[in-house]
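First comes the structure, then the notes that go with it.
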Amino acid sequence: MHDKVLLIDGNSIMNRAYYGLPLLSNSEGVYTNAVLGFLNIILKAIKDEEATHIGVAFDLKAPTFRHEKYKEYKGNRKGMPDELRMQMPIIKDVLKAMDISIFEMEGYEADDVLGTLAHQCEKIGVDTTVLSGDRDLLQLATKHIKISIPKTKKGSTTIENYFEADVLERYGVTPTEFIDLKGLMGDSSDNIPGVPGIGEKTAIKIIATYHSIEEAYRHIDQLKPPRAAKNLEEHYDLALLSKELATICVDCDVCFDKDSLKIDNIYNEATYKLFKQLEFKRLLEKFEGMEEDSYVEDLLTEHLIETKEALDQLVSQLQQVHKFAYYILTEGMDMIGISIAYNENEAYFIKCQESMDDAFCMAQLKDIFESHDLQKMTHGLKEDLHLFNRYKIEPKSIVFDTFVGAYTVNPTRDTYGIDDIANDYLKVMLPSQDELLGKGKSRISYRAIEPQQLLTYACHLSSIIYRSYDLMHAAIEEYGMHELFYNIEMPLIQVLYDMEYYGIKVDSVLLHDYADKLKVMIDLLESEIYELADETFNIKSPKQLGVILFEKLKLPVIKKTKTGYSTAAEVLEKLKGEHPIIDKISEYRQLTKLKSTYADGLFDYIGKEDSRIHSSFQQTIAATGRISSTEPNLQNIPIRMEMGREIRKVFVPEDDYIFIDADYSQIELRLLAHLAEDETLINAFNEGQDIHRLTASQVFHVPFDEVSSLERSNAKAVNFGIVYGIGAFSLSQDLHITRKEAQEYIQNYFKKYPSVKIYLDNCIRYAKNRGYSLTMLQRRRPIPELASSNFMQRSFGERVAMNTPIQGSAADVIKIAMINVSNKLKSENLRSRLILQVHDELLIEAHRDEVELVKQYLVEEMENAVQISVKMKVDVNIGMTWYDTK
DNA sequence: GGCTCCTGCAA
DNA sequence: TATTGCAGGAGCC
């Protein structure tokens, strides 16, 4: 095979890549779009060119010889955007990992290095391709040096290729003449002056005739048009200088060694790690089969435990140590085994099998798990607690959960697998569960993989937990989150487990009736809609509905989505009155939503045994520190509309029990008052005033007692907006007023509550300076968007910086309350239990004998969760259904 | 079957 | 062009 050298203009291609892709970032907030685009371009080029050698040249910041000749050189060039600049060291790391040579020369630009390298290749008879986004490079084209210029149009990249002849054909001048051309016409992007008054057309004509500036000058008398001749005569020095500046140096002092450019092992371990960190999913697929050997370098002595004797021995070893990490490997209800590590260098895998089943293994380990003196670390304690319950184990001294720990350190990531932790904290590659087992249809069981592979994988699980513990603990301490993690997040795990364990009882007959009732109404609406549309169609399909409304019925288009007409509720609202079908569709939407998501949806989760729904509560999802609820989500059960609210009647306590529901009154605004130290707000809250009415009287200049209900509800929207980081546009949309009016409301608000304005500005400034926001309990949320040069991104970051301390502090407060309420109920030996949290609300299933006591404890613990300058008011209600607790 | 988009529910 | 979430259905590959 012939050698083929590919030379790359690093800055130019990075620039192309950056503007060719949307601003992507990995889950840590590191921008990656230019790096990804760059890699895609060069990998495609390597393939297309069948390149055997490769080198990449970058510009240095330092001035070049051109600056010495002409100090205005590139004087008008704006620096690259920060988001791109931040990616330059990353691409260099990636190239180093891929063992691709990087060239940077003081005093020269990348062009010069490329020119020199290309010429040297040509000298030794090797074909070369120079890849650049910059047409200046065309002067380098020869019969053996090809210049490739990628063009991106509509997502796909095509490449224009120029040998010497192609340049002549396309521009009417040879590559060498290209330099003279530029000398005459100049180049505004590099700030090369050229000859004033001579533009592209004239320059091409002159050079095509005389082939160089010098030759043209020699024939200055015959030069046409006369204007150009005059200009060239006057500015001949400038023309020569411009030519010099435009000339790419082909003999700079770069060390050329063809062999060092050889493409060898670009898909190696180091590259894999980087791609993983950068989250280049598609590029990672090129590393097929690498995962298995990828963690060989993480040396670990693996012990397989599959006899009772060996297990016995392990248990006695564990009794000698003071801490260990474990991970229980399960698959559905099937326990595969237990991984244990009690030092840095080795790990054990207890494999459950016929001779030694799960129940046996767990029974053997019971004392270990229940020991107070033996500290344990795990990953995903809440799931462990479900398992321990199955084997009647009451674990003690589980001091660290790396799952919740990793979230606490950085709550903005979207996964916190052991593989992620291995990567982030230990720089160790570990396949994720999906990578090990495959996903979707092709997923296999743990029991189906090679025993040796399973052993290695399993041993690493506990070992990673064991080894990352110190680092994660240190990070928590460094960030001042000891209190948050050890006194709130860790104890909360048990509380969430308890809520999942207890669940909430549902009257399935009532739910069924509700679904039936909805079905009747939906069927009727459906036929009415078909009647009005004069045809049948899928009303649930926004696409089909759009055609009916906006094409067939010719209703005005209010809003469009990326893919077509918007038929969202706010659009239908505006079309109300235009056609009788609109109301029917709105109602149909509402009822089908209730039926599918809530009636039918919830039905599938009702336990056959206990008639209860056991939702999962997620502690590592929300970037603000909130808890979320899934399968099913019990935090979005309807309440605003009566028809939807009815669904709450199916949530009932068990016999002899009653619901007690307590919710914080205006928790976010109270926290805002405290955090902003706003005297007006603090006093209003402490005196029990109606806060929305107060805001209305302040913002609309109305006496407090004369505030109308419309004014109050508008003020309520303003208050909400403040908490979310308001914009005039959105407020105007929300209140159906003009932007100008909305702007006035906001200005009035800040005039009346100046300390709130100062506080919110400070939130932004703090987050901009440090890169993150903090809550009252030092919960920390990175906000990389604040550094963006994109207005939209940055504005988003600013709203987040205003909202996170408020929403996050509220999350902190209710978490403390949950722990204290739960502890109180347990320490008082009550049968009543906490079963649900809805951000500012706690639902207790209380025994009827304990109602008064529980009400008292509940209010006390919630109101005193934190001591701040504003009273934390709590409203309590009891009821025989969730509906009735109002 | 897996994925994205639109839609809509809660605090 | 308001914050944080979860989920169902359509439609596409």
Side-chain angles (χ1 to χ4, degrees), chain A residues 411-412 414 434 439-443 537-546 559-572 585-586 588-602 604-605 615-618 620-641 643-645 647-648 663-664 666-669 717-735 739 742-743 746 773 781 783 791-792 795-808 810-811 814 836-841:
Chain A
T412 58
D414 53 6
D434 284 354
K439 51 181 173 178
K441 243 178 85 151
S442 58
R443 192 180 186 89
F537 63 101
N538 187 346
I539 311 168
K540 293 189 191 80
S541 159
K543 196 178 166 187
Q544 296 183 36
L545 180 60
K559 207 173 97 179
K560 289 204 155 203
T561 66
K562 261 180 272 181
T563 49
Y565 310 110
S566 170
T567 65
E570 52 169 304
V571 171
L572 299 181
I585 289 165
S586 298
Y588 176 88
R589 276 264 175 85
Q590 210 187 324
L591 299 182
T592 50
K593 170 84 180 177
L594 291 176
K595 185 161 190 299
S596 63
T597 306
Y598 298 105
D600 301 345
L602 287 177
D604 298 337
Y605 291 102
S615 175
S616 291
F617 294 97
Q618 313 296 333
T620 61
I621 298 293
T624 51
R626 278 188 174 182
I627 295 299
S628 79
S629 156
T630 60
E631 294 180 295
N633 181 359
L634 292 182
Q635 290 179 322
N636 72 343
I637 302 300
I639 191 165
R640 291 174 196 172
M641 310 287 281
M643 189 64 205
R645 191 175 196 149
I647 197 110
R648 293 182 173 231
D663 67 292
Y664 280 108
Q666 309 291 357
I667 186 169
E668 292 187 343
L669 285 176
V718 174
N719 278 331
F720 264 96
I722 295 294
V723 170
Y724 295 147
I726 200 160
F729 179 88
S730 318
L731 184 66
S732 70
Q733 292 284 302
D734 192 27
L735 294 182
R739 258 186 91 158
Q743 191 56 51
I746 296 167
S773 283
R781 172 185 184 173
I783 311 178
F791 175 78
M792 298 267 275
S795 302
F796 173 74
E798 290 172 357
R799 292 194 295 273
V800 166
M802 291 188 271
N803 173 259
T804 297
I806 304 173
Q807 190 182 123
I814 195 149
L836 203 56
Q837 183 252 44
V838 193
H839 309 307
D840 65 353
E841 169 191 2

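We name chains A, B, ... by the order of the sequence lines, and we start the count at 1 in each one.
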Margin query: Across nucleotides 6-13 of chain C, 5' to 3', mark each nucleotide with B, S or - according to how protein heavy atoms within less than 4.0 Å reach it.
Written below: SSSSSSS-
In this structure, how many angstroms lie between the [atom2] atom of [N] and the [atom1] atom of [X], rounded?
{"X": "A:Ile639", "N": "B:dC9", "atom1": "CD1", "atom2": "C1'", "result": "12 Å"}
{"X": "A:Glu570", "N": "C:dT1", "atom1": "CD", "atom2": "C1'", "result": "11 Å"}
{"X": "A:Gln666", "N": "B:dA11", "atom1": "CD", "atom2": "P", "result": "12 Å"}
{"X": "A:His839", "N": "B:dA10", "atom1": "NE2", "atom2": "P", "result": "12 Å"}
{"X": "A:Leu572", "N": "B:dG8", "atom1": "CG", "atom2": "P", "result": "7 Å"}
{"X": "A:Arg781", "N": "C:dT4", "atom1": "CZ", "atom2": "C1'", "result": "8 Å"}

By nearest atom, which of the nucleotides [options] is closest to the [X] side chain?
{"X": "A:Arg739", "options": "C:dA2, C:dT1, B:dC6", "answer": "C:dT1"}
{"X": "A:Ala622", "options": "C:dA2, C:dG5, B:dA10", "answer": "C:dG5"}
{"X": "A:Pro638", "options": "C:dT4, C:dA2, B:dC9", "answer": "B:dC9"}
{"X": "A:Lys562", "options": "B:dC5, B:dG8, C:dT4", "answer": "B:dC5"}

Margin query: Taking the P atom in each of C:dT1 and B:dC5, what is the distance between them to the nearest angstrom?
Written below: 16 Å
Among residues at least two apart in sequence or on other chains, which ones pass side-chain hydrogen bond (donor to acceptor under 3.5 Å, both in side chains) with [X]?
{"X": "A:Asp434", "result": "A:Arg443"}
{"X": "A:Tyr664", "result": "none"}
{"X": "A:Tyr588", "result": "A:Lys540"}
{"X": "A:Arg781", "result": "A:Thr804"}

Just jot down the side chain to side chain contact (heavy atoms under 4.5 Å, CB included) partners of [X], sequence neighbours excluded, or say none.
{"X": "A:Ser628", "result": "A:Gln618, A:Ile621, A:Gln635"}
{"X": "A:Ala568", "result": "A:Ser566, A:Glu570"}
{"X": "A:Asn636", "result": "A:Tyr598, A:Asn633"}
{"X": "A:Ser596", "result": "none"}

Check: Which of residues 717-725 of chain A have a heavy atom under 4.0 Å from DNA chain C?
Finding: A:Ala717, A:Gly721, A:Tyr724
Next item on the list: Give me the residues of residues 799-806 of chain A where at least one heavy atom lies under 4.0 Å from an atom of DNA chain C, by number, or none.
Entry: A:Arg799, A:Val800, A:Asn803
Margin query: For B:dC6 and A:Thr563 - does any side-chain N or O of the residue sit under 4.0 Å from the phosphate oxygens OP1/OP2?
Written below: yes
Check: For A:Arg640 and B:dC9, is the shortest distance between a side-chain N/O and OP1 or OP2 below 4.0 Å?
Finding: no
Note to self: Quick test of your reading: applying salt bridge (Lys or Arg N to Asp or Glu O under 4.0 Å), list the pairs with at least one residue in residues 625-639 of chain A, sequence neighbours left out, ordered by first then second residue.
What the structure shows: A:Arg626-A:Glu668
Looking at [X] and [Y], would you say the former's side chain and the latter's main chain have a donor-acceptor pair under 3.5 Å?
{"X": "A:Ser629", "Y": "A:Phe617", "answer": "no"}
{"X": "A:Gln544", "Y": "A:Asn538", "answer": "yes"}
{"X": "A:Thr592", "Y": "A:Arg589", "answer": "yes"}

Check: What nucleic acid atoms does A:Ala623 come within less than 4.0 Å of, heavy atoms only: base, sugar-phosphate, or nothing?
Finding: sugar-phosphate
Checklist line | hbond_proxy A:Gln807 side chain to C:dT4 base (donor-acceptor, 3.5 Å cutoff) | finding: no
